[in-house]
Amino acid sequence: MKGNGEVPRIGVYVCDCGTNIAGKVRVPEVVEYAKNLPGVVVAREYKYMCSDPGQDLIKRDIQEYGLNRIVVASCSPLLHEHTFRKATAEGGLNPYLVHHVNIREDVSWVHDDEEEATRKAKAIVHGAVLRVAWQKPLEPQSVPVRESALVVGGGIAGITAALTLAEAGKHVYLVEREPTIGGHMAKFDKTFPTLDCAACILTPKMTAVKDHPNITLLTYSEVEEVDGYVGNFKVKVRKKPRYVHEDRCVGCLECIEACVFKEPRFPNEFDLGLSKRKPVYIPFPQAVPPVVTIDPETCLYLRLGKCKKTCVEACGDRNAIDFDMQPETLELEVGTIILATGFKTFDPHRTPKYGYGKYPEVYTSLEIERLVNSSGPTGGEVVMRNGQKPKRVGIIHCVGSRDKNTNPWCSKVCCMYSLKLAHLIHERSGAEVYNFYIDMRTPGKGYEEFYNRLAKEGVHLIRGRVAEVTDAPLHPEEEGKLIIRVEDTNIGVVRRIPVDMVVLAVGLEPQPDAEDVRRLFNISCSNEGWFLERHPKLAPVETFTDGVFVAGACQGPKDIPETVAQAQAAAANALALMDKGSVLIEPNVAQVDEELCSGCHICIGLCPYGAISFNEEKKVAEVNEALCKGCGTCTAACPSGALSQNLFSDHEVFSEIMGVLL
Amino acid sequence: MSGYAYYPGCSLLGTGKSYDESTRAVFEALGVPFQELEAWNCCGATAYSSIDECTAFALAARNLALAHRRGDPIVAPCPNCYLVLTKTQRYLQQYPDMRQRIEQTLERLGLQLGNEIPVRHPLQVLQETPGLEEIQKRIQKPLKGLRVVPYYGCLLARPFPIVEDPWNTTILEDFIEVTGAEVVPYAYRTRCCGGALTGVIREAGVRMVHILLREALRQGAQVIVTTCPLCQFNLEAFQQEALGNNGIQERIPVLYFTQLLGLALGLPPEKLGLHRHLIPFQPRHAILQEAVS
Amino acid sequence: MSAYEPKIVGIFCNWCAYTAADLAGISRMKYAPNVRIVRVMCSGRFDPQMVFWAFKHGADGVLIAGCHPGDCHYQEGNYKALRRFKLLQKLLDQLGIERERVRLEWISASEGEKVKQVIDEMTETLRRLGPLRIQETPQAPEAVGTAGGGHHG
Amino acid sequence: MEIQRTIKYEAELDRQFAYEIAQSPGAETLFECIQCGACSAACPVSIYMDLTPRRIIAMTREGFKHEVLSSLTIWLCSSCYACTVECPVGIKVTDVMYALKQRAIKEGYGPRKVLTRLLAESFFQTVKEDGRATERKVMMRLYRRAGLGAMLKMAPLGFKLWRTGRLSAFGTERIPNPGEVQALLECLEEQTGGEKS
């Protein structure tokens, strides 16, 4: 007699998972073994336990055999524990009387030897049977979910997510660290494969964000601290001083005109340094919010305290400029969070063989995006630094990607954007364009057609990874050119192709501070540094922290359509939580057995959430279930065994340990 | 430590004799403690790996064991020896089976492999002892106005580079600058000279030499400085064929970096083996003539 | 089975180590079948008594795995585990049990490869150590009869 | 012009070959090759090769043993390691070339007259005898086998080197105890059944 005092009547269900489990584990043998374990009334094998007929088996057996405990041995509980809890509940049993163990990820997929795998599966089932007998019926606690959301990152992913949530009537705080929203997409001229103008589709959305009554836009701001849990996060946002009051600035730009620096002389970050700006600047004309920013690094007054402050004069009685502006910290309360922090492009200084930084006519693809952009530094002209149009341009794919020496992953978007750039460069300059690729990856709606179109337009498509870009000629035609050395692998011959301009199709990388952001929000990163989704297929925008979702390229390389789809998916997930209004919390909280508690206080200091307090009257510890997160630290530490974590009591865990040591 | 275990290698006893002479002279002049590794054997070079890798590694391993017995780090001027010794150490760590076989065999000869022994090139050694600053102070005949191509060759740059970032290193350039000479930008700093090909598949080898020489001349260099006996030999001995047969009359002397350094330190040219070169180093400027006289 | 095969109990935290083990599975990495993983929510739930309990019931080793320092899903449970682990090591010394039999590892959710590596390594170590033997209190023949005995080291 | 039939039947391939080569140090990632051609493009000698290094890898992987071992490519490799550091999947192509050369020599492949191979063999023998490689001795051995023509072509250069003291006419470099090196090599050869030349 264990758990809630009844005699256990256990049903054991072992899943074949097609051949995923049955291919390595002799399932019938495990079932036979389970039948003879103490308390087991029925044990069954089924092809797919998670399917409806599989679940029905459990439900029927609960009725038929009067089962009061269930063990399911199949895939990882992280995947299907909730499925079997639901089935158990539908069968008329408390859902916390089921124990789900893993004989797929932990057994059949990782062991080759059938004998060993079967032995291990039996041991695991044994552990589950012993522990399930101790499980008690539990009632999960429900907590309210605030109807407001935080969206971090104002690129196309963040913009989309914010608008979707705002349209559904939720309040959104959109935090962006740059002076303007728009992200990488705002830098592009055209988007593949349709070649529609990026600004034409993006800027209306940017404006919509600014104008939406449900969106609080916080640019030039960064999240500093995150506290709380699903439904009730407390977030601190630091607003950097832009030395201009956003509500007073009308975007007339007269201050820029009036600045004591007559000529722009500082590299404009938005144009990747291809153009210059003044200390007071607006990154690009359609920036949102449409207000100026003063850069403290270059502003004379902010650096030296001395300047005629002609900008203030020009601003006049609008009084928007304020050199005394201080950083501000805002405290927000939100129910859900969407991370859309995007990516960074690969720094080609890390592949010196391509001569970036050494030869002035070697550019990154992002720099070329600015060059071909009609609102860019050259007004859309593709010209070399000397102002002349190039006659030949080479675009090198996979720079930094698909290489163990740099980043091993495929950055996914480069093939398509390189084809797009090939088209635009040819269109703007008439240059002959060579694309050097390893594999041409163009899956997607209309993408292969775009590739065909480029081939038809006569772009040279050479299959081979470029070994080097050099300026040392071996042939008179090569004098004064950049020479690209590559094996044309379709032909099997090494070629040297002299060009005027080289474009490096740099890959996508996690943001350099992705690791800090991950810690801030208590989520995980993949080995490469991308934010880790809860499940690669079935929970692609959820994270391991409830209420925190990811959208866009911060989770892995993505193009615009995919990013938008994911942002909307993240918004939908967040909405589902907020619309329901409450969320059930796993009832794995700690409890105190007052009879056993000696009042030693050890647990109180251990709890990171302050969930345990001391009842002065009874002289015992008390757990506030609303605050307890269910880590079990107190249970492990309690010297008298008075504390016990639901679902992970000493009885449960120790029985399982004993059981698996078959 | 009784000083570096100096490992000249076979080439430095023959065609690369002046590299041996100049390295010893510069080490002595700058107070680098060294002593030849007694009874060293051939490292195995590239040719040996073509026969059998285990015996090739065993040859190199014997030298490592000799140095281990002495307890000194190895200094190897020949990049091929540097590479083979380094590679052997790495691979013996990576492939324990092979290590075991070689260790057992060495034990029968009374030798032990021991832990990793530093294998270094004179560029690295001189950078620390006495260091560039100190060398600068001892320069007696600065080679002002001499335009020099820094040529590393392959094996100091890869696959086990003597510096962290071989693409951006300036270790050889720094030594050239210390002598007062001018460094000429050279795209082919680490491009292969053809190695043993000049001797066996001559057309291919000579073409590779041609490419290197032509680029050096195009950049207006007056001398090429190498760190490798094979590079020096190829670039010098095949110049007639590589340039002359292509209608180029100019010739360019090819020195070891130790020779250039030795000259600037004021060491006598014959002590540096300058008389052994097929293309004599005859600088035009008076100040330089003094250095080589 | 002819050769000795050690039995290891794995106490894996739900958020990092257990997820990493799932990843190792999804990636079809192959590792030694000697570890039986018991899932807990946090490595902070790890209690040294679990180790002795496991030894008592036939384990040759225990592997505790949690999130990397600073990454704990519950803020600092892994530090608590670390403290208990340090204490446990001293206890093991006193009992004459080899320290290698209990291992604490930080494994993040993305480190499937590390799960494999740690399990393989630990299995290899335990194969070398052989079955767990609590060292008998060394007793000289003449000491027999002295009541109790007690530890000497 | 003669026409040629180039089809390859599966039965003519040696699948085992790929696995054997992948066993040699540095060739472990042979099967991960993505056929990008970075090795060929980085190679300073590939312009002379009958099969580019990339194709050598592809053919090795697919079991074209005969074609690979009889190709000139493996003898043209100058061991400059440019391919090895470029390879995006970490194939040490230079080591693969060594492994192929070893196989070619063991199995009697390759044109006898390729000097690279004769050089390797002359070098091997000289080192085995003396512990060191006296360049003159290696070259004499090489050209004795390569033929008079090749020797005459090198003679003027040899003379110049002799005059500057860089090539000794008679002396042989030998370690004090060459027997030790011989013992070392023979002991390992016995284990591997290696070359006994």
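Predicted model only: the values in this text are computed from it and were never measured. Numbered from 1 within each chain, the chains take letters A, B, ... in sequence-line order.
Heavy atoms closer than 4.5 Å to chain A are found nowhere in C/Ala81, neither backbone nor side chain. Proximity to chain A (any heavy atom under 4.5 Å) is shown, for C/Thr19, by both the backbone and the side chain. Using a 4.5 Å cut-off between heavy atoms, C/Ile11 contacts chain A through its side chain alone, with no backbone atom that close. Looking at A/Glu586, neither its backbone nor its side chain comes within 4.5 Å of chain C, counting heavy atoms on both sides. At a 4.5 Å heavy-atom cutoff, the contact between A/Arg518 and chain C is made by side-chain atoms alone. Heavy atoms of A/Asn588 lying under 4.5 Å from chain C belong exclusively to its side chain. At a 4.5 Å heavy-atom cutoff, the contact between A/Thr635 and chain C is made by backbone and side-chain atoms alike. Heavy atoms of C/Met50 lying under 4.5 Å from chain A belong to its backbone as well as its side chain. Heavy atoms closer than 4.5 Å to chain C are found in the backbone of A/Cys525, but not in its side chain. Neither the backbone nor the side chain of A/Asp113 comes within less than 4.5 Å of any heavy atom of chain C. There is no contact between C/Glu113 and chain A, counting heavy-atom distances below 4.5 Å. In this structure, no portion of A/Ala117 lies under 4.5 Å from any heavy atom of chain C.
Atom NE2 of A/His651 has 12 or fewer heavy atoms from other residues, nucleotides or ligands within 6.0 Å. Heavy atoms of other residues, nucleotides or ligands lying less than 6.0 angstrom from CD of A/Glu114 number more than 12. Residue-environment remark: NZ (C/Lys56) stays at or below the threshold of 12 foreign heavy atoms within 6.0 Å.
Note on residues 14-26 of chain C: no pairs pass salt bridge (charged side-chain N to carboxylate O under 4.0 Å, His left out), not counting sequence neighbours.
Residues C/Arg28 and A/Val110 have side chains not in contact (no heavy-atom distance under 4.5 Å, counting atoms from C-beta outward). Between A/Lys120 and C/Arg36, some side-chain heavy-atom pair lies under the 4.5 Å cut-off. Using a 4.5 Å heavy-atom threshold, the side chains of A/Phe544 and C/Asn14 count as separate. Contact of the A/Thr633 side chain with the C/Arg84 side chain is registered, since non-hydrogen atoms from C-beta on lie closer than 4.5 Å.
Here the closest heavy-atom approach between residue A/Ser524 and residue C/Ala109 is recorded as OG-CB, 3.8 Å. Closest heavy-atom contact between A/Ala636 and C/Gly44: CB-O, 3.5 Å.
Not counting sequence neighbours, C/Glu100 has no partner by the side-chain hydrogen bond (donor to acceptor under 3.5 Å, both in side chains) test.
In terms of non-hydrogen atom pairs under 4.5 Å with chain A, the most contact-rich of C/Tyr18, C/Trp15, C/Phe46 is C/Tyr18. For the set A/Val101, A/Leu79, A/Asn102, the entry with the most heavy-atom pairs within less than 4.5 Å of chain C is A/Asn102. Between chain A and the options C/Val38, C/Val9, C/Val62, heavy-atom pairs under 4.5 Å are most frequent for C/Val38.
Side chain of A/His111 to main chain of C/Tyr31: a donor-acceptor pair is present (N/O by atom type, distance under 3.5 Å, no hydrogens or angles). In this structure a side-chain-to-backbone donor-acceptor pair under 3.5 Å is present from C/Arg45 to A/Phe648.
Separation of atoms CD (A/Glu105) and CD1 (C/Ile37) is listed at 10.5 Å; rounding is to 0.5 Å. Atoms CD and OG, from A/Glu528 and C/Ser110 in turn, are 8.0 Å apart once rounded to the nearest 0.5 Å.
Contact residues of residues 63-80 of chain C toward chain A are C/Pro69, C/Gly70, C/Asp71, C/Cys72, C/His73, C/Tyr74, C/Gln75, C/Glu76, C/Gly77, C/Lys80 (heavy-atom distance under 4.5 Å). Proximity to chain C among residues 654-662 of chain A is limited to A/Phe654, A/Glu656, A/Ile657, A/Met658, A/Val660, A/Leu661, A/Leu662, judged by heavy-atom separations below 4.5 angstrom.
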CA sep, side-chain torsions, deciding dist, call: C/Arg39, A/Glu81, salt bridge (charged side-chain N to carboxylate O under 4.0 Å, His left out): CA-CA 13 Å; C/Arg39 182 171 66 104; A/Glu81 187 178 54; 3.1 Å; yes

